[in-house]
Amino acid sequence: MKKKMNGNLVVLIAVILVSHSWMITNIEGHAYLGKEKVTRLHFYFHDTLNGDHPTTVPVAYPIGTVISPSNLAPSNAVYVADDPLTDGPDPNSTVVGHAQGFYVFERQDKVVLIFVMDIGFTSGEFNGSSITLFSRNPVLETDREVAVVSGREKFRS
């Protein structure tokens with residue numbers, strides 16, 4: 001009887017701990033980290049796969065894959081990027097930072113990027129600060145959300 005009761009007590013404690021951690025991480029759908037701070041950023045991300053000065057280049061792709069103007073993003077290809085961030089839509093606008101990292105094109109049923117990217121700012125109010133993304137990005141969807149996993153300087157959590 002005593003062994004069974006100890007086992008039940010362990011299960012009860014485990015359930016309480018899991019329930020408590022679930023409550024903390026699900027307050028308004030987010031982990032509770034204190035008061036939320038909102039920063040609004042506005043910049044343009046220029047990802048160029050071809051031309052004289054590409055900012056993104058393939059570094060690995062399946063055997064037999066042909067990279068061509070009609071097939072710049074084959075399934076399962078890995079790309080490394082150093083993309084300029086500008087203050088306007090024109091690629092020749094003032095550069096305010098760079099997006100540096102890599103991504104994989106995945107195309108089972110729709111085009112999705114799996115990416116790791118550091119969005120670093122080199123001028124203005126956020127000079128020296130960055131945010132780090134590690135996420136799935138369904139690029140053909142008009143509404144999408146990507147995960148910010150970290151930040152430096154003014155974006156440090």
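Expressed to the nearest 0.5 Å, how far OG1 of Thr39 lies from NZ of Lys154 amounts to 9.5 Å. Atom OG1 of Thr86 is separated from atom CZ of Phe43 by 9.5 Å, given to the nearest 0.5 angstrom. One finds the CZ atom of Phe102 at 11.0 Å from the CZ atom of Phe115 (value rounded to the nearest 0.5 Å). Phe45 contributes atom CZ, which lies 7.0 Å from atom CG of Leu85 (distance to the nearest 0.5 angstrom).
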Practice task
In sequence, state the C-alpha distance, the side-chain angles, and the governing distance for Phe105 and Leu113, and then conclude on side-chain contact (heavy atoms from CB on, under 4.5 Å).
Solution key: CA-CA 5 Å; Phe105 274 97; Leu113 296 179; 3.3 Å; yes
Exercise for the section: Test ring pair (Phe, Tyr, Trp, His ring centres under 6.0 Å) on Phe126 and Phe155 and set out the steps. Expected result: CA-CA 9 Å; Phe126 301 107; Phe155 300 113; 5.1 Å; yes
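Judged by distance alone, the side chain of Thr56 and the main-chain N or O of Ala81 form no donor-acceptor pair under 3.5 Å.
Here the closest non-hydrogen pair linking Ser130 and Gly120 is CB-CA, 3.6 Å. Across all their heavy atoms, Val146 and Arg136 have their closest contact at CG1-O, 4.2 Å. In terms of heavy-atom proximity, Pro62 sits nearest to Ala77 at CD-N, 4.5 Å. Closest of all the heavy-atom pairs between Thr48 and Asp83 is N-OD1, 4.3 Å.
Cluster membership for Ile119 and Tyr44, using ILVMFWY side-chain heavy atoms within less than 4.5 angstrom, is not shared.
The shortest side-chain heavy-atom distance between Val96 and Ser123 falls under the 4.5 Å cut-off. Under the 4.5 Å side-chain criterion, counting only non-hydrogen atoms from C-beta, Gln100 is in contact with Asp82.
Annotation for Phe121: atom CZ counts as buried by contact number, over 12 foreign heavy atoms lying within 6.0 Å.
If you run side chain to side chain contact (heavy atoms under 4.5 Å, CB included) between Arg152 and each of Thr132, Ile131, Asp118, only Asp118 comes through. Test Val139, Asn137, Leu133, Asp47 against Tyr103 for side chain to side chain contact (heavy atoms under 4.5 Å, CB included) and you get one pass: Asp47.
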